[in-house]
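Working notes, structure below.
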Amino acid sequence: MTTADIISPALLAACAFPGERLVTPEVVREHNLNQFEYDKILGLLGRAPTLTELGVFSALWSEHCSYKHSKPILRKFPTTGPAVVQGPGENAGVLRLKDGWAVAFKIESHNHPSAVEPYQGAATGVGGILRDVFTMGARPIAMLNSLRFGSLDTARNRYLFAGVVRGVGDYGNCVGIPTLGGEVSFAEGYTGNPLVNAMCVGLLREEQLITARAHGVGNVLLVVGARTGRDGIHGASFASEELSEKSEARRPQVQVGDPFCEKLLLEASLELIHGGYIVAIQDMGAAGLTSSSAEMAARGGVGVQIDTALVPTREPGMTPYEILLSESQERMLVVAEPGRVAEVQAVCARWELGATPIGHVTDDGVFRVAHDGLTVVAIPGQRLVDDAPVYHPEAREAEAAIARRSAAPPARAAASIEGDLRALLDTPTIASKRWVYEQYDSTVQASTALGPGSDAGVAQVPGTSFGIAVTVDCNSRLVALDPYEGGKATVAEAARNIACSGAVPLGITDCLNFGNPEKPEVFFQFREACRGIADACLAFGTPVTGGNVSFYNENPNGAIDPTPTVGMVGLLESLDHRVSSFFRNMGDAIIVLGRTEGVLGGSALWAELDRFVGGAPAPVDLQAERRLQRFLVAAARERLLRSAHDCSEGGLAVALAECAIGGPYAPSGIGATVDLTPHAGALDPQHLLFGEDHGRVVITCSRMQADRVLVLAGEHGVPAVAAGTVGERHGSLVISADRSSWQWPVDELRRIFFDAIPRRLQHVATDAALEA
Amino acid sequence: MVRVAVVRFPGSNCDEDARRGAEQSGAQAYFVWHRDTSLQGADLVVLPGGFSYGDYLRSGAIARFSPIMQAVQAHAAAGGGVVGICNGFQILCEAHLLPGALMRNAGLTFVSKPVDVMVERTDTVFTWAFDRKTPVRLPVAHGEGRFVADAETLARLEGEGQVVLRYLKSSPTTEGNPNGSSNDIAGICNAAGSIVGIMPHPERVVDPRLGSADGLLFMRSLAGVRALSGAAR
Amino acid sequence: MTYRVHVRVMPRAGLLDPQGQAVEHALSALGFAETRTVHVGRAVEIEVDAKSRDEAEARARLMCDRLLANPVTEDYQVEVEAD
Amino acid sequence: MTYRVHVRVMPRAGLLDPQGQAVEHALSALGFAETRTVHVGRAVEIEVDAKSRDEAEARARLMCDRLLANPVTEDYQVEVEAD
Ligand SMILES: Nc1ncnc2c1ncn2[C@@H]1O[C@H](COP(=O)(O)OP(=O)(O)O)[C@@H](O)[C@H]1O
Ligand SMILES: [Mg+2]
């Protein structure tokens with residue numbers, strides 16, 4: 001029995017706010033609560049809820065806040081390890097780096113708001129994830145973003161894409177956080193339901209960590225930052241239903257971001273935390289004041305008393321219901337000892353922010369809200385959070401999905417290896433994302449060691465000689481075809497990207513974007529993908545430190561492709577060890593690591609050129625991946641590597657081409673001569689060049705070091721074959737295998753790769769033109 | 001040691017980068033708050049990059065009315081060195097300490113990338129450590145960097161050698177002028193070379209361990225401003 | 001006939017207008033104590049060939065609906081300049 | 001009295017107006033063949049306390065000179081809404 005169970009009914013008295021609607025079955029349904037949940041509320045209160053209380057339950061028991069369909073599955077993630085300072089449950093996870101430094105990081109989705117209003121939806125998504133990180137006491141030092149859209153062939157998708165990118169950029173640029181990486185892909189399944197996942201990474205001294213637990217009876221709750229308006233009321237439950245005509249009607253609830261205010265909030269919050277002025281801090285994200293206050297109280301095992309009439313509002317006449325559920329941006333809830341309130345206000349005033357006491361911590365365990373003294377909410381606080389319903393939906397793989405795995409595409413008549421590579425480099429999903437990341441400030445803070453464009457981004461930890469590497473990844477086609485292997489593959493790719501940069505993978509955060517979990521085939525995807533992620537994390541020793549679940553990503557045509565995005569951070573022992581993706585010097589030896597079986601199931605070749613998404617994806621050998629990671633880090637430490645690039649979509653051919661094309665600001669491409677005969681010459685060329693087996697990396701080293709590299713690979717149990725030589729600038733990429741050979745002028749490939757996206761977007765400048 | 005005051009406006013976000021860069025080069029660099037009225041005996045003032053007041057209305061338009069700007073005006077009028085980087089350049093133009101204005105990029109999007117620029121004038125507070133015209137590669141990151149001035153002003157800037165930095169047109173890698181600036185201008189100064197505004201960010205490339213030190217000589221110029229005062233006046 | 005049409009696109013009432021707020025503060029700091037609320041939006045000036053003022057206005061409204069205003073976050077007003 | 005003042009700040013004629021051009025293209029791509037030139041600027045809406053319309057207008061002009069318009073690149077127009 002918890003303390004909450006013994007709260008006497010007298011403490012739970014509350015009355016309707018004058019003029020508010022009666023709680024009828026219809027109103028309950030509007031709040032997305034089912035009969036079972038409503039009965040639970042009746043039992044918990046011992047009476048009918050007021051409308052305001054119903055709003056509170058609706059928000060906190062929404063999928064978005066309560067994880068009611070995902071909790072039992074998420075519990076299976078490995079969450080502990082020697083580096084874990086803070087696991088899941090707080091605003092962001094925290095991992096230990098070295099010399100007293102720690103990294104706080106988290107990823108979050110803002111899919112539905114971005115579908116309705118791409119610019120503001122994406123911008124406020126960035127704002128939210130930033131707050132999650134700096135409320136831990138960490139200074140944000142890097143942003144990443146993972147985006148999904150339907151095909152760029154339609155105007156609506158181009159509009160969404162351009163608007164989202166501008167929104168992500170404008171917000172992060174203004175706050176002054178460099179974007180160091182991300183990913184964008186385009187597939188039919190995201191038409192009408194784009195995905196916008198933003199990740200933030202921050203640094204703190206381990207002793208500066210602060211958590212979101214209200215404690216100390218009598219301590220004061222303050223709202224800091226922007227005023228509360230009527231925007232985004234019920235955003236949390238909006239995020240927990242499918243997009244429909246109805247969502248269009250919700251448009252007036254769009255939240256508008258103010259990155260300038262966020263920057264002030266960031267500085268003020270860090271000063272409040274590091275100066276020891278406050279005992280707890282929590283951002284007001286989804287479900288605003290409701291979730292921030294209720295969750296802080298529940299974590300601290302205390303009650304809170306709030307008066308909504310004290311909350312500064314943007315417009316007069318707001319009801320307690322509206323104030324509690326508003327999702328106005330750039331607000332924080334802070335807990336301070338009564339004696340320090342004046343100091344808190346002084347710090348905030350210096351940053352031109354208001355800090356207004358709105359209530360205090362109580363000892364009766366009740367989440368109580370009054371408006372001008374009239375109590376409108378009185379709910380047992382712990383149970384409000386802990387007793388959220390939990391569902392165990394049915395999971396069953398769709399027959400069609402099983403059938404797809406054993407299908408193969410019709411043979412293509414005029415397939416040419418040369419043409420196929422050109423075509424693949426021209427597909428927006430594979431092509432350079434320079435058009436995107438040039439809109440993001442990637443060098444502010446003067447700590448960027450590797451910006452966007454390489455396998456992982458790397459930032460220096462200021463004042464030290466080491467760095468952190470960051471990446472986000474997900475290949476949703478693989479997850480769609482085989483959720484378990486796809487889940488493994490996602491973590492494996494992230495870890496490979498980190499290791500290619502020379503860093504040791506440390507841990508992950510995840511953003512699990514799926515359709516409606518009440519559909520058995522969707523829940524199957526979810527459960528299996530999570531199992532794959534968990535197994536990979538266990539094998540790699542990279543715990544899950546937090547994340548976000550986004551369900552109900554559907555549109556009239558069905559669920560999106562399952563997209564469990566993984567954000568990973570790694571430790572780069574010394575900045576001097578960092579490795580970028582591109583060929584560098586003529587005469588360097590090219591070595592191919594790993595094994596190629598030539599699996600085309602789920603490949604970009606089939607999907608993009610044959611319009612066929614099917615076949616069984618290659619299985620992931622987690623132990624082989626682990627050995628590969630260790631080898632890459634060891635070789636980087638010995639400073640043996642000139643470049644390292646992993647093979648993902650498009651297989652060996654695309655990876656080699658990307659190495660030869662070079663970085664976005666290289667003066668030209670650089671040629672190479674590669675003979676894959678010793679690697680896997682017996683394979684059919686299509687399978688050899690475009691197969692998407694995992695665990696493969698193309699590295700280069702000086703010719704003198706090649707033997708040492710091969711020996712080191714052998715010691716680590718990593719298959720490695722010397723396969724060629726880096727050629728001259730403006731040269732050609734020549735690949736041969738067995739008795740065939742193919743050739744491409746690198747500068748032509750370069751043009752295709754960098755033009756693919758801009759040439760499809762010639763007219764989207766208009767949206768930008770109309771920005772006020 | 002040279003005292004460099006870095007002004008922090010609400011929304012500045014390259015303030016720490018500028019302070020650190022100046023300090024690494026040997027200056028004694030410190031922050032002054034936009035509401036302060038004294039520069040605390042600064043030899044040189046830096047208006048750093050960022051989004052002062054959110055860049056609302058026009059970048060730099062609101063910041064120029066900050067209380068500290070009176071002290072900056074006085075310092076400038078007395079011949080003291082003032083350097084504006086990116087948002088700082090925009091503020092200097094809005095405050096009429098430098099001529100012209102910085103408008104929305106011609107491509108309409110924010111542009112973040114390295115650009116190749118020529119340091120054309122090497123006797124200013126921000127460039128004297130260069131001993132001759134030198135091409136450097138510096139990052140830009142701005143949405144409003146298109147330098148605009150009337151024909152007469154442009155002619156004067158060119159005629160008097162007040163163009164400090166110019167985007168290199170022919171660079172194969174960075175595609176030249178990133179924002180449509182008149183005459184490819186990336187930075188200008190007043191006639192004396194004591195007030196300088198540039199769009200690129202030298203303070204972000206001062207550590208060879210991070211890949212480039214092309215900005216170092218700018219920072220050294222700041223840190224050695226006395227040497228200029230001695231030599232140039 | 002060529003008409004000159006002035007379109008004013010403003011952030012919808014109730015939505016946060018951070019730019020308006022910033023200008024409001026700046027004006028009052030500059031001593032314009034008499035200003036109350038400020039909102040900042042976009043002005044678009046279009047020259048349109050049309051048979052009549054009414055037609056010019058109707059076309060301009062269509063342009064707003066299709067392109068010039070964001071139906072999710074903005075309201076607009078159209079005015080045709082006297083000829 | 002409180003007056004509502006509409007301020008229109010437009011890029012000075014002769015200066016490159018990439019926003020206007022982009023909108024012009026987009027409109028013609030959308031089939032608005034009748035549009036000629038388009039310019040995009042800023043609309044500012046201010047509520048001002050003043051004794052008369054004239055005073056409201058004069059104050060608003062002062063606001064433009066000091067803050068709302070950049071004299072180097074922009075022109076402005078002020079209109080006081082009928083009360
Ligand atoms: N939305 C984005 N934001 C920032 N950088 C991006 C974005 N999308 C892609 N990039 C960058 O482009 C490069 C290539 O991305 P991607 O094709 O996803 O790489 P990989 O397949 O090797 O993971 C990476 O450096 C990545 O960080
Ligand atoms: Mg890729």
Side-chain angles (χ1 to χ4, degrees), chain B residues 9 52-66 69-70 73 87 89-111 142-157 177-185 188 197, chain D residues 3-30 32 35-49 56-81:
Chain B
F9 298 95
S52 56
Y53 295 94
D55 268 6
Y56 292 130
L57 197 63
R58 297 180 308 276
S59 47
I62 300 180
R64 80 137 155 143
F65 294 109
S66 279
M69 285 306 290
Q70 283 185 13
Q73 294 270 7
N87 194 227
F89 184 14
Q90 294 159 340
I91 296 170
L92 288 176
C93 290
E94 284 284 342
H96 310 305
L97 283 167
L98 288 174
L102 292 147
M103 299 186 71
R104 185 84 178 267
N105 294 346
L108 299 175
T109 56
F110 189 93
V111 179
H142 59 248
E144 300 182 15
R146 174 166 52 106
F147 182 77
V148 170
D150 57 43
E152 198 182 313
T153 307
L154 275 179
R156 197 181 67 240
L157 289 173
N177 186 339
N179 52 34
S181 278
S182 309
N183 297 12
D184 300 321
I185 288 173
I188 59 172
Chain D
Y3 294 87
R4 185 188 300 261
V5 183
H6 296 287
V7 175
R8 208 161 56 220
V9 183
M10 301 302 291
R12 176 152 309 152
L15 283 182
L16 180 69
D17 175 14
Q19 284 171 274
Q21 281 175 4
V23 174
E24 209 172 301
H25 284 148
L27 284 174
S28 79
L30 282 173
F32 291 100
T35 51
R36 288 156 169 251
T37 59
V38 178
H39 289 290
V40 179
R42 215 172 11 251
V44 187
E45 205 173 284
I46 314 171
E47 288 189 347
V48 188
D49 287 335
E57 184 178 329
R59 294 295 286 177
R61 291 193 171 278
L62 206 56
M63 293 176 202
C64 287
D65 291 334
R66 296 222 48 204
L67 178 72
L68 301 180
N70 184 333
V72 180
T73 52
E74 295 170 328
D75 293 315
Y76 62 84
Q77 287 195 292
V78 172
E79 235 172 79
V80 184
E81 206 171 89

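Numbered from 1 within each chain, the chains take letters A, B, ... in sequence-line order.
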Turns out that what part of D:Q21 lies under 4.5 Å from chain B's heavy atoms comes down to neither
Under 4.5 Å from a heavy atom of chain B, the part of D:R66 involved: both
B:R58 side-chain N/O to D:L67 backbone N/O, donor-acceptor pair under 3.5 Å: yes
With chain D as the partner, which of B:A149, B:A106, B:A61 has the greatest number of non-hydrogen pairs under 4.5 Å? B:A106
How many angstroms lie between atom CZ of B:R146 and atom OG1 of D:T73, to the nearest 0.5 angstrom? 9.0 Å
Check each atom of D:L68 against the heavy atoms of chain B and say whether the ones under 4.5 Å are side chain, backbone, both or neither. both
Between D:L15, D:V72, D:N70, which is the residue that forms a side chain to side chain contact (heavy atoms under 4.5 Å, CB included) with B:V148? D:L15
Report the option among B:S182, B:P99, B:G180, B:A101 that has the most heavy-atom pairs separated by less than 4.5 Å from atoms of chain D. B:A101
Step by step, would you call B:M103 with D:L16 a side chain to side chain contact (heavy atoms under 4.5 Å, CB included)? CA-CA 10 Å; B:M103 299 186 71; D:L16 180 69; over 6 Å; no
